[in-house]
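Written out below as structure tokens is the structure these notes cover.
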Amino acid sequence: MRIAVTYENGSIFQHFGHTAQFKFYDVEENRIVGEQVADTQGSGHGALAGFLTANGVNVLICGGIGAGAQNALAEAGIQLYGGVSGSADEAAAALLAGTLQYNPDVQCSHHNHAHGSSCGEDKHGCHGGDCRH
């Protein structure tokens, strides 16, 4: 299995469609056996699903993510764990341990962020990335 996490400076980047990097975790027998950080080369939104597929990703952990990207991931057969924040390494480990806290109903309306909040953050009651106030 290969896990991808939207990545910036060790943390989960909070807007899937604007992520410049992913951190990949290669998993065998439920433990991480390899890690790699990859640049997205400027791919955005729907193109990122293809980027993940080309890199053999089975699972994505991210902050906020819009419906179009969610659909593209579903069509590619990539399992989504959205609405996650904090350390990328800790999130990957928590997924493998079965303790990852995520929002199965994460939404991101990235054109309507109020108060400077980002997708996935809960600064102003965004509830896992639904920042439409």
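Values below: every heavy atom of this structure, side chains too, minus hydrogens, waters and symmetry copies. Sequence positions, counted from 1, serve as the residue numbers for this chain.
- To the nearest 0.5 Å, atom NE2 of residue His15 and atom OG1 of residue Thr6 are 10.0 Å apart.
- Summarising the local packing, CD of Gln36 is surrounded by more than 12 heavy atoms from other residues, nucleotides or ligands at distances under 6.0 Å.
- None of Val37, Leu95, Ile12, Val84 except one satisfies the side chain to side chain contact (heavy atoms under 4.5 Å, CB included) rule with Val5; the exception is Ile12.
- Between Leu48 and Phe22 there is a side-chain heavy-atom pair separated by less than 4.5 Å.
- Within the 3.5 Å criterion, the main-chain N or O of Leu96 finds a donor-acceptor partner in the side chain of Asn30.
- Nearest heavy-atom pair across Thr19 and Gln21 is OG1-O, 2.7 Å.
- In this structure, Glu8 contributes its side chain and Ala20 its backbone to no donor-acceptor pair below 3.5 Å.
- Remark: Glu35 CD is packed, more than 12 non-hydrogen atoms of other residues, nucleotides or ligands lying under 6.0 Å away.
- Considering all non-hydrogen atoms of both residues, Val106 and Gly83 come closest at CG2-N, 3.6 Å.
- No side-chain N or O of Tyr81 forms a donor-acceptor pair with one of Asn103 less than 3.5 Å apart.
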Evaluate Ile3 against Val27 for side chain to side chain contact (heavy atoms under 4.5 Å, CB included), listing each step before the verdict. CA-CA 8 Å; Ile3 300 168; Val27 177; 3.8 Å; yes
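- Within the 4.5 Å cutoff, side-chain heavy atoms of Leu52 are placed close to those of Phe24.
- Interatomic distance, Gln70 CD to Asp105 CG, rounded to the nearest 0.5 Å: 9.0 Å.
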Scan the side chains in residues 54-67 for donor-acceptor partners under 3.5 Å anywhere in the protein, sequence neighbours excluded, and list what turns up.
residue, atom, partner, partner atom, Å
Asn55, ND2, Phe51, O, 2.8
Asn58, OD1, Arg2, N, 2.7

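- Nearest heavy-atom pair, Ala88 versus Tyr7, reported as atom, atom and distance to 0.1 Å: CB-CD1, 3.7 Å.
- Inter-residue side-chain proximity for Val33 and Arg31 is flagged as met; some heavy-atom pair is nearer than 4.5 Å.
- With a 4.5 Å cut-off on side-chain heavy atoms, Phe13 and His18 count as touching.
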